[in-house]
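Each chain gets a letter, A, B and so on, in the order its sequence line appears, and its residues count up from 1.
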Amino acid sequence: MSLDFLGNLERTHLCGTLRAAEAGKHVVLMGWVNRRRDHGNLIFLDLRDRTGIAQVVLDAELCPEGHRKGEQVRPEYVVAAVGKVRLRDKDAINPKMPTGEIEIEATDLRVLNDTRLAPFSPSDDAIQNEEVRLKYRYVDLRRAEMQQNFRLRHDITLAIRDNLSQQGFLEIETPILTKSTPEGARDFLVPSRVHPGEFYALPQSPQIFKQILMISGFDRYFQIARCFRDEDLRADRQLEFTQVDLEMSFPRQETVFGVVEQFMKAAFAAAGVELPVPFPRISYDESMRQFGTDKPDLRLPGLTDVHSAFTSEALATLQVDPALPIVALRIPKVGELSRKEREDNHPLFDLKKGAKFIDDFKRLAKSFPEAAAKVRELAGAADEDFVIIVAGDPAHHIKASDTKFPGRLSEREINVYAAAGNFRAELAKKYAERHGAFRITDEVVQNARARSAALIDGSQAFHPMWLTDFPMFEYDLAAGKWVPAHHPFTAPIEADMPNLVSDPASVRANCYDLAMNGLELGSGSIRIHRKDVQQQIFASLGITEQEAKARFGFFLDALEYGTPPHGGIALGLDRIVMLLAGAANLREVIAFPKTAKAIDLMAEAPTPVSEQQLKELHIRVALKS
RNA sequence: GGGGACGUAGCUCAGUUUGGUUAGAGCGCUGCCCUGUCACGGCAGAGGUCGCGGGUUCGAGCCCCGUCGUCCCCGCCA
């Protein structure tokens, strides 16, 4: 069909905002045709823009030209509707729509653009095919749910910026092209044209720069910072992601917690949710014991120590390592599972962690009726609750004693807890419908979206938790030495410093994580600001002065020029938005995300580049055959 | 690198258990009809290399092997 020019037509209103109060006004609306209902001489168009939908009426008698065009428009055509707002007859009011009391009596319709038939319609909320959604992301993003997600993201980001600014933080940008450091995640490298054979790296975080900003006297820095890590993706991990990154001078751990609690409260308020502060705290060891993870989800029961339910004879018969934890995990209201249902769950358990599980209670009860009953009692299990016992496998090649140091959890213990914790999280996801523990979060998120004036109580739906007292070092059994569990500028807790050399196992790091509903939201630490302490740490890690200089030279220099005590944290903005959007993965809150195989299906990145480009960059590609 | 789920019409899915006529449904799409619909309705119609390759078989959407893609998890992510 022939298209119309916009001419000097100016939009006067937004579709979703029209109400009965506007009745009688002449309006010009522009947007996409959401649906068309053709009654012959009367055509209804649902016109959609970012604010919502309004009904346009094309009457063959009142507006023959517009009606004629209306016969030809199709969903997702872009049109301008000119006309008068009028109240609908009482029996024509649609109470399901915010604009349902009015409609636009069209006097003119301009067809601004047509469309190819998209593989799905933005008005269709049943679309689940992520491949198609990502390829046609521009259509997917038109969907009301996506529009809401990005409105939410905007509001949250704005609130955090505003709040941190009010708390005296200054937003300062740091380089995207920077220096590769071999620590941590894999870097994305950028070849230098000017310097043959040399590379920049994209920042995994602004870590070193923000510390230098403290040395530079900015006192309080923050940045909504894009970060890049070339690692495998997950539901909560993308190659590039956004951190709320901040650093402050002269803080105690408490100071950082206070700052974060304030801006998190503000961020949640921007999403319509009241988040109580301060957040509760738990030590790393306690979190591992109780939840088998350092990002606990407190909406479900934790792990229960059920060692006491078993006699040593029973453990021997069951082939369970008595030196390792024996815990029960309980998923409420799952009901009794058939053998096949249980077996379907077995791949969710990570056998490589040196742990095993018992999920057949009937069989257990035949041989050890008291133990079976005692386990369920200790775990507080009701009849319809599903209980699994997780314990150490004595056949594992690393013995329970091999990595055991007094006063802290051993690698084997951690792995048994982790196997239980992972299993718990996977089963919780699988049986979400049955246990219903996640429903409260969905409800709060849904209600908050409706944006009534008052904030909705989020205390039952969101469970923030500070994790503290992480071990400073981990023992690398293969290398036979202590390695840092965090980046090497993390300060030890002051009281533990005398033990740095004599008893590294006992040293705790002055760092902290923020977890919520099974997600790690952020991680930070108080940093080392003294050269002598930094040298001690390097020494206890077996890093020579030359090595340290090669890796972090400029930063170690900077540390010697009057570095104030400082510390900070970085929080995953995408994850915060994901929680508040009620989304199951990050792709729902990132406009142009990548697939699990790190591909942008819309832009079709990555791709090979021309020989000429490679040549300019002094690069030759040698693919492994 | 490893484990798991999925892949049938544009979309959502049934059909795969136990191989057997021309592979179905709803939505969407096309044409016609319709002045009060709002998931409009009515009539008619088009649309399928059953992800791809190979194998078994008289015969494969269904069985076997391989491969590709999407998703989830482990490893990895200081």
## Note on the structure
Side-chain atoms of A:D124 come closest, of B:C76, B:C11, B:U35, to B:C11
### Query
So what does A:A485 touch, heavy atoms closer than 4.0 Å: a base, only the sugar-phosphate, or nothing?
sugar-phosphate
### Message
Students often get this wrong, so: under 4.0 angstrom with heavy atoms, is A:R133 touching a base, only sugar-phosphate, or nothing?
### Response
nothing
### Shortest side-chain distance from A:P75, nucleotide among B:U37, B:A78, B:C29
B:C29
### Task
Would you mind classifying the nucleic acid contact of A:V57 as base, sugar-phosphate or nothing, using non-hydrogen atoms under 4.0 angstrom?
nothing
#### Entry: Any A:R37 side-chain N or O less than 4.0 Å from OP1/OP2 of B:C40
yes
### Query
Looking for any heavy atom pair under 4.0 Å, which part of the strands does A:R35 touch: base, sugar-phosphate only, or nothing?
sugar-phosphate
### Message
Determine whether a donor-acceptor pair (one donor, one acceptor, N or O, separation below 3.5 Å) exists between the side chain of A:D350 and the base of B:C74.
### Response
no
### Task
Indicate whether the side chain of A:Q253 and that of A:N510 have a donor and an acceptor atom separated by less than 3.5 Å.
yes
### Query
Side chain of A:A596: nearest nucleotide among B:G2, B:C71, B:G36?
B:C71
### Message
Nearest to the side chain of A:H486, heavy atoms from C-beta on, is which of B:A78, B:C73, B:G36?
### Response
B:A78
### Task
Provide the closest heavy-atom pair for A:M578 versus A:A584 in the form atom of the first, atom of the second, distance.
CE-O, 3.7 Å
#### Entry: Options B:U12, B:A78, B:C72, nucleotide nearest the side-chain atoms of A:H487
B:A78
### Query
For RNA chain B, whose closest nucleotide is more 5', that of A:E131 or that of A:A60?
A:A60
### Task
Determine whether any donor atom in the side chain of A:E426 lies under 3.5 Å from an acceptor atom in the base of B:G4, or the reverse, and answer yes or no.
no
### Phosphate OP1/OP2 of B:G28: any A:S121 side-chain N/O under 4.0 Å
no
### Task
Answer with base, sugar-phosphate or nothing: what part of the nucleic acid does A:E474 contact at a heavy-atom distance below 4.0 Å?
nothing
### Task
Hunt down the Watson-Crick or G-U wobble partner of B:G69, both distances under 3.5 Å, from any strand shown, or write none.
B:C6
### Task
Output the single nucleotide from B:C11, B:U35, B:C76 whose closest atom is nearest the side chain of A:N129.
B:C11
### Message
To check you understand the geometry: which heavy-atom pair defines the closest contact between A:D574 and A:T242, and what is its length?
### Response
OD1-N, 2.8 Å
### Query
How is A:D91 classified with respect to the nucleic acid when contacts are heavy atoms under 4.0 Å: base, sugar-phosphate, or nothing?
nothing
#### Entry: Nearest-nucleotide comparison on RNA chain B, the residue closer to the 5′ end among A:D38 and A:S205
A:D38
### Query
Touch check for A:D59, heavy atoms < 4.0 angstrom, all strands: base, sugar-phosphate only, or nothing?
base
### Query
For A:F120 and B:C11, is the gap between ring centres under 5.5 Å while the planes differ by less than 30°?
no
### Query
At under 4.0 Å, does any side-chain N or O of A:R74 touch on OP1 or OP2 of B:G31?
yes
#### Entry: Donor-acceptor pair under 3.5 Å, A:R234 side chain vs B:G75 base
yes
### Message
Students often get this wrong, so: under 4.0 angstrom with heavy atoms, is A:R575 touching a base, only sugar-phosphate, or nothing?
### Response
nothing
### Query
So does A:K96 get a side-chain nitrogen or oxygen closer than 4.0 Å to the phosphate oxygens (OP1/OP2) of B:A39?
yes
### Message
Ignoring hydrogens, what is the shortest heavy-atom contact between A:S123 and A:S121? Give both atom names and the distance.
### Response
OG-OG, 2.7 Å
### Query
If you check every side-chain atom of A:L42, which of B:U37, B:C73, B:U35 has the closest atom?
B:U35
### Message
Using OP1 and OP2 only, check whether a side-chain N or O of A:K135 sits under 4.0 Å from B:U70.
### Response
no
#### Entry: Ionic contact status for A:R339 with A:E343, cut-off 4.0 Å
yes
### Message
Can you give me the closest heavy-atom contact between A:A591 and A:R137, atom names plus distance?
### Response
O-NE, 2.7 Å
### Query
Using centres under 5.5 Å plus planes under 30 degrees as the test, is A:H39 stacked with B:C40?
yes
### Query
Does the B:C76 base have a donor-acceptor partner in the side chain of A:R229 within less than 3.5 Å?
no
### Side chains of A:D285 and A:Y417 in contact at under 4.5 Å (non-hydrogen atoms)
no
### Message
If you only use heavy atoms from C-beta on, which nucleotide in B:C71, B:G36, B:G75 is closest to the side chain of A:D232?
### Response
B:G75
### Summary
A:N94 has its side chain closest, among B:C38, B:A78, B:U35, to B:C38
### Query
Of all the choices, B:G36, B:C71, B:C76, which nucleotide is nearest to the side chain of A:R237 once you look at every atom?
B:C76
### Task
Would you please confirm or rule out a distance under 4.0 Å between OP1 or OP2 of B:C38 and any side-chain N or O of A:R48?
no
